[in-house]
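The structure's right below; bear with me while I get my questions together.
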Amino acid sequence: VKEWDYSLFDCSCCELFRAICLMPCLAHNVHQNLQPKADSCCYDLLCLNPASMYGQVRNEYGIVTDFPVCEDVCLPLICAPCALNRAFKQSAKPRGGGYSNI
């Protein structure tokens, strides 16, 4: 069973500030980490909802949870900056371990 590599609240003040003030940029980075060859800015605009990015990362990395609907929708809506930051950190980590060059 695969779990998240990072805690929901595992972010520095700078990472939290970035997630709050630059949410569209962070959502774009998560999208690019998941689909590096995708070019569509329109897709990023439609997926600014942190619940969407959070759920995509969880599904892409095969992360299992007891309550997927609650975790994919409710948690990001309640704590959007932390959820988006967690999705970004997870998506930046290659599946084989280590980190990508972001």
query = Roughly how far, to the nearest 0.5 Å, is the CG atom of L34 from the CD atom of E60?
reply = 5.5 Å
ask   = Is L77 linked to V69 within one hydrophobic cluster, defined over Ile, Leu, Val, Met, Phe, Trp and Tyr using a side-chain heavy-atom separation of less than 4.5 Å?
value = no
Rounded distance [0.5 Å steps], CG in L22 versus CZ in F17 =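 So the CG of L22 and the CZ of F17 are separated by 7.0 Å.
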request  = Flag yes if F67 and Y61 sit in one hydrophobic cluster, no otherwise; membership is Ile, Leu, Val, Met, Phe, Trp, Tyr, and two members link when side-chain heavy atoms are under 4.5 Å apart.
outcome  = no
request  = Determine, for D72 against R58, whether the closest basic-nitrogen to carboxylate-oxygen distance falls under 4.0 angstrom.
outcome  =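 Yes, this pair counts.
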query = What distance do N85 atom CG and E15 atom CD have between them, rounded to the nearest 0.5 Å?
reply =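 So the gap between those two atoms works out to 5.0 Å.
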request  = Evaluate the salt bridge (Lys or Arg N to Asp or Glu O under 4.0 Å) criterion for residues D5 and K93: first the C-alpha distance (whole Å), next the side-chain angles of each, then the deciding distance (0.1 Å), finally the verdict.
outcome  = CA-CA 9 Å; D5 291 329; K93 186 175 182 180; 3.4 Å; yes
message = Are M23 and L84 packed together at the side-chain level, in the sense that at least one heavy-atom pair is separated by less than 4.5 angstrom?
response = yes
ask   = Linking I/L/V/M/F/W/Y whenever their side-chain heavy atoms sit closer than 4.5 Å, directly or via other members, would I20 and F88 fall into one cluster?
value = no
ask   = Is Q90 close to N33 at the side-chain level, that is, under 4.5 Å between some pair of heavy atoms?
value =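 N33 vs Q90: side chains apart.
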request  = Look up atom SG in C74 and atom OH in Y54, then write down how far apart they are to the nearest 0.5 Å.
outcome  =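 So the SG of C74 and the OH of Y54 are separated by 11.5 Å.
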ask   = Do D10 and R86 sit within salt-bridge range, that is, some charged N less than 4.0 Å from a carboxylate O?
value =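 No salt bridge links D10 with R86.
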